[in-house]
Number of protein chains: 2
Amino acid sequence: MIKDITKAKKSIYEGAPLLVAVDCIVFGFDKERLKLLLFKRKVAPFMDEWSLIGSFVKVDENVSEAAHRILHESTGISGIFLSELGSFSNPSRDPGGRVLSIAHYALMRLEEQDLQAVANFQAQWFDVEAIPDLVLDHNEMVAQSLARLKVNAHSHPIGFELLSEKFTIPQLQLLYEAIFQQKLDRRNFRKKIKAMGFLEKLDEKDKSSSKKGAYLYRFNKEEYEKLMKEGLNFVI
Amino acid sequence: MIKDITKAKKSIYEGAPLLVAVDCIVFGFDKERLKLLLFKRKVAPFMDEWSLIGSFVKVDENVSEAAHRILHESTGISGIFLSELGSFSNPSRDPGGRVLSIAHYALMRLEEQDLQAVANFQAQWFDVEAIPDLVLDHNEMVAQSLARLKVNAHSHPIGFELLSEKFTIPQLQLLYEAIFQQKLDRRNFRKKIKAMGFLEKLDEKDKSSSKKGAYLYRFNKEEYEKLMKEGLNFVI
DNA sequence: CTTATAAGTGTATAACTGACACTTAAGAAT
DNA sequence: ATTCTTAAGTGTCAGTTATACACTTATAAG
């Protein structure tokens with residue numbers, strides 16, 4: 001920090017600037033499986049290889065703004081949950097130059113149109129169980145994001161960023177099973193999640209996955225925030 | 001990322017480079033209280049104001065290496081636990097220029113010599129309950145670090161980075177009380193921490209804080225790592 | 001009207017958490 | 001020598017929470 005910036009510019013970076021980029025690890029949930037958004041690069045270098053979406057931070061924006069902007073420019077997606085994962089700064093991580101990337105992971109609800117829409121951007125949703133080889137250190141970024149997601153899911157109702165406004169309890173359970181990568185007991189899951197008190201049962205049913213149909217619920221955000229302030233422990 | 005680096009250098013940063021710095025939030029524990037290491041700046045700007053230690057990342061090192069190097073150069077401290085907190089990137093955070101800082105928090109054992117040694121570097125250990133106004137956004141960095149420390153202390157035996165090799169259970173309890181900012185029950189604390197199974201009782205006593213003396217313990221790292229792999233839940 | 005399928009529900013046992021009070025060791029004071 | 005002071009060390013019980021587990025119900029399909 002602020003030793004002498006003018007000197008720093010000259011002595012540290014002259015002729016070999018350090019560029020700052022943002023990469024986004026975008027997770028979505030299509031009511032059954034956890035998905036990851038990837039892009040097929042259409043230009044050199046790494047033409048035709050799969051990659052996360054990312055670009056450079058501009059001088060007049062902070063990194064969070066950059067992440068939102070880049071995501072919007074590259075996919076049309078906006079207004080979703082984004083959280084900083086951490087920096088990836090190995091000096092030789094990018095053969096094209098010294099680029100430090102601040103990875104962000106994003107969570108979004110996958111509606112029908114999202115599955116279509118991203119195709120216009122040469123993007124594709126992959127099942128997290130079947131992620132291809134990615135450019136640079138992007139596989140490592142994905143692995144760290146999944147680990148972070150697992151940890152955070154224990155203390156935040158992350159599920160609600162990933163589900164559409166109305167969802168069934170079996171859908172919510174599928175999501176948590178995808179995040180934790182383990183089967184959960186149906187009865188105990190329902191008991192716990194209901195006991196937390198921020199689910200609102202609706203009078204509608206979703207019959208897309210069974211004849212009987214499952215009741216739809218809604219997440220009561222006010223109730224949740226009240227509970228968080230009191231120190232909710234969200235253990236599934 | 002990697003759209004076209006040559007173009008990026010030109011169009012994004014020409015004449016207004018974005019510099020990358022690292023700031024270190026260094027916590028220590030002196031067997032009684034949680035402390036924070038601060039520096040009195042001896043040069044303009046912000047002469048004579050208190051500040052965290054930080055400097056610029058060099059082109060041939062990653063940010064973690066930079067944090068260790070900067071800490072060593074500024075304090076003589078080396079080989080301590082360091083973890084990335086996150087980026088601070090408000091474009092106007094530093095009036096001297098566009099500097100993005102990646103904050104790292106560090107935990108260290110405070111031995112007698114450390115209390116002396118830092119004086120040679122115009123540094124001073126402050127009680128975390130009494131931190132002065134700091135330059136730039138450093139107070140915010142400290143606040144976020146304390147919050148992170150609180151969260152992490154629940155899932156990692158952070159205490160052991162902050163205590164010297166041999167410690168008593170009452171010292172360990174004081175540390176957790178400082179981190180969580182609440183009193184804990186002596187009997188229950190002892191019960192839980194012992195049940196975790198990675199404390200080795202020694203035949204020595206520390207009589208610095210009572211006539212009776214408290215038994216010294218040692219942290220068994222192998223045992224701890226074995227437990228972590230099996231999925232230890234470190235809840236104090 | 002039978003069948004197949006996923007949704008929905010309750011209970012009993014074990015494990016854990018949290019509250020709580022007296023005894024002990026040893027130096028200090030008399 | 002005896003008493004006093006101080007922090008260290010110890011166990012139990014009650015309440016809560018976690019886990020394991022099996023049958024009934026609603027409805028569309030055949």
Side-chain angles (χ1 to χ4, degrees), chain A residues 30-33 153-155 157 159 163-164 166-178 180 182-218 227 230-236, chain B residues 30-33 153-155 159 163-164 166-178 180-218 227 230-236:
Chain A
D30 68 354
K31 297 189 166 60
E32 281 184 41
R33 294 171 154 275
H154 277 294
S155 49
L163 287 166
S164 41
K166 299 172 183 179
F167 53 87
T168 67
I169 292 185
Q171 279 165 14
L172 186 60
Q173 179 169 350
L174 277 173
L175 171 57
Y176 277 101
E177 288 177 343
F180 294 135
Q182 62 168 304
K183 291 294 283 179
L184 302 169
D185 180 88
R186 241 154 22 95
R187 280 162 292 190
N188 293 338
F189 180 83
R190 189 176 283 266
K191 210 190 305 175
K192 276 194 202 172
I193 207 89
K194 278 184 161 180
M196 291 178 188
F198 43 65
L199 286 193
E200 268 175 33
K201 188 172 181 174
L202 304 175
D203 260 345
E204 294 170 76
K205 280 191 166 190
D206 171 317
K207 293 194 179 171
S208 61
S209 73
S210 81
K211 292 154 189 170
K212 182 177 177 180
Y215 279 103
L216 286 163
Y217 287 79
R218 189 161 49 192
L227 288 166
E230 295 164 9
L232 167 67
N233 209 9
F234 191 84
V235 176
I236 296 290
Chain B
D30 69 354
K31 296 191 166 59
E32 282 184 41
R33 293 172 154 276
H154 277 294
S155 49
L163 287 166
S164 41
K166 299 171 182 180
F167 53 86
T168 68
I169 291 185
Q171 280 166 13
L172 186 60
Q173 181 171 348
L174 278 173
L175 170 57
Y176 277 101
E177 288 177 345
F180 295 135
Q181 289 171 276
Q182 61 169 305
K183 292 292 285 179
L184 301 169
D185 180 88
R186 241 151 25 91
R187 282 163 291 192
N188 293 338
F189 180 82
R190 190 176 281 269
K191 209 191 307 176
K192 275 194 202 172
I193 207 91
K194 279 184 160 181
M196 290 177 189
F198 43 65
L199 286 192
E200 267 174 35
K201 188 173 182 175
L202 304 176
D203 261 344
E204 294 170 78
K205 280 191 165 190
D206 172 317
K207 294 193 177 170
S208 61
S209 74
S210 83
K211 293 154 190 170
K212 181 178 177 178
Y215 280 104
L216 287 163
Y217 287 79
R218 189 162 46 194
L227 288 166
E230 295 163 9
L232 168 67
N233 210 10
F234 192 85
V235 175
I236 296 290

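None of the values given here were measured: they were computed from a predicted structure. Each chain gets a letter, A, B and so on, in the order its sequence line appears, and its residues count up from 1. FYI, side chains are in, hydrogens and waters are out, and symmetry mates aren't considered; it's all heavy atoms of this structure.
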Query raised in the report: Of Asn188(B) and Ala214(B), whose nearest nucleotide on DNA chain D comes first from the 5' end?
Result: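 Result of the comparison: Ala214(B).
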Query - 5′-ward residue of the pair Lys191(A)/Lys211(A) relative to DNA chain D - result: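 First, find each residue's nearest nucleotide; the 5'-ward one identifies Lys191(A).
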Requested in this report: Please answer whether the main-chain N or O of Arg190(A) pairs with a side-chain N or O of Gln173(A) as donor and acceptor at a distance below 3.5 Å.
Outcome: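 Checked: no pair found.
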Specify the separation, in whole Å, of atom [atom1] of [X] and atom [atom2] of [N].
X	N	atom1	atom2	result
Phe189(B)	dA7(D)	CZ	C1'	16 Å
Leu184(B)	dG18(C)	CG	P	10 Å
Gln173(B)	dG9(D)	CD	P	11 Å
Asp206(B)	dG9(D)	CG	P	10 Å
Glu204(A)	dA7(C)	CD	P	17 Å
Ile193(B)	dG9(D)	CD1	C1'	16 Å
Tyr215(A)	dA6(C)	OH	C1'	14 Å
Arg187(B)	dA19(C)	CZ	P	11 Å

**Report entry** Short side-chain N/O contact from Lys194(B) to OP1 or OP2 of dT10(D), under 4.0 Å
**Finding:**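 The answer is yes; a side-chain N or O of Lys194(B) sits under 4.0 Å from OP1 or OP2.
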Report task. Answer yes or no: does a side-chain N or O of Arg190(B) lie under 4.0 Å from OP1 or OP2 of dG9(D)? Result ->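 Answer yes for this pair, as a side-chain N or O of Arg190(B) is under 4.0 Å from OP1 or OP2.
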Query raised in the report: Of the nucleotides dA26(D), dA26(C), dA22(D), which has the atom closest to the Lys205(A) side chain?
Result: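 Nucleotide nearest to Lys205(A)'s side chain: dA26(D).
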Query raised in the report: Which of these nucleotides, dG18(C), dA22(D), dA26(C), is closest to any side-chain atom of Lys192(B)?
Result: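 Looking only at heavy atoms from C-beta outward on Lys192(B), the closest nucleotide is dG18(C).
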Requested in this report: Test for a donor-acceptor pair under 3.5 Å between the base of dT6(D) and the side chain of Lys212(B), counting only N and O atoms.
Outcome: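 Looking at the base of dT6(D), it does not pair with any donor or acceptor on the side chain of Lys212(B) (distance under 3.5 Å).
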Query raised in the report: How many angstroms lie between CD in Glu32(B) and OG in Ser208(B), if you round to the nearest 0.5 Å?
Result: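 Going from the CD atom of Glu32(B) to the OG atom of Ser208(B) covers 8.0 Å.
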Requested in this report: Check every strand shown and say whether Thr168(A) touches a base, only sugar-phosphate, or nothing at a heavy-atom separation below 4.0 Å.
Outcome: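 No contact.
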Report task. Please assess Lys212(A) against Lys205(A) for the test side-chain contact (heavy atoms from CB on, under 4.5 Å), listing each intermediate value before the final yes or no. Result -> CA-CA 9 Å; Lys212(A) 182 177 177 180; Lys205(A) 280 191 166 190; 4.1 Å; yes
Query raised in the report: Would you say the side chain of Lys194(B) lies within less than 4.5 Å of the side chain of Tyr217(B), judging by non-hydrogen atoms?
Result: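 Yes, their side chains come closer than 4.5 Å.
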**Report entry** Flag side-chain contact, heavy atom, 4.5 Å: Ser164(B) against Lys31(B)
**Finding:**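 The answer is yes; the side chains approach within 4.5 Å.
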Report task. Hey, which sits more toward the 5' end of DNA chain C by its nearest nucleotide, Lys201(A) or Ser210(A)? Result ->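 Between the two, 5'-proximity favours Ser210(A).
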Query raised in the report: For Asp185(B) and Arg186(A), take the nucleotide of DNA chain C holding the closest heavy atom to each; which residue's nucleotide lies nearer the 5' end?
Result: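 The residue mapped nearer the 5' terminus is Arg186(A).
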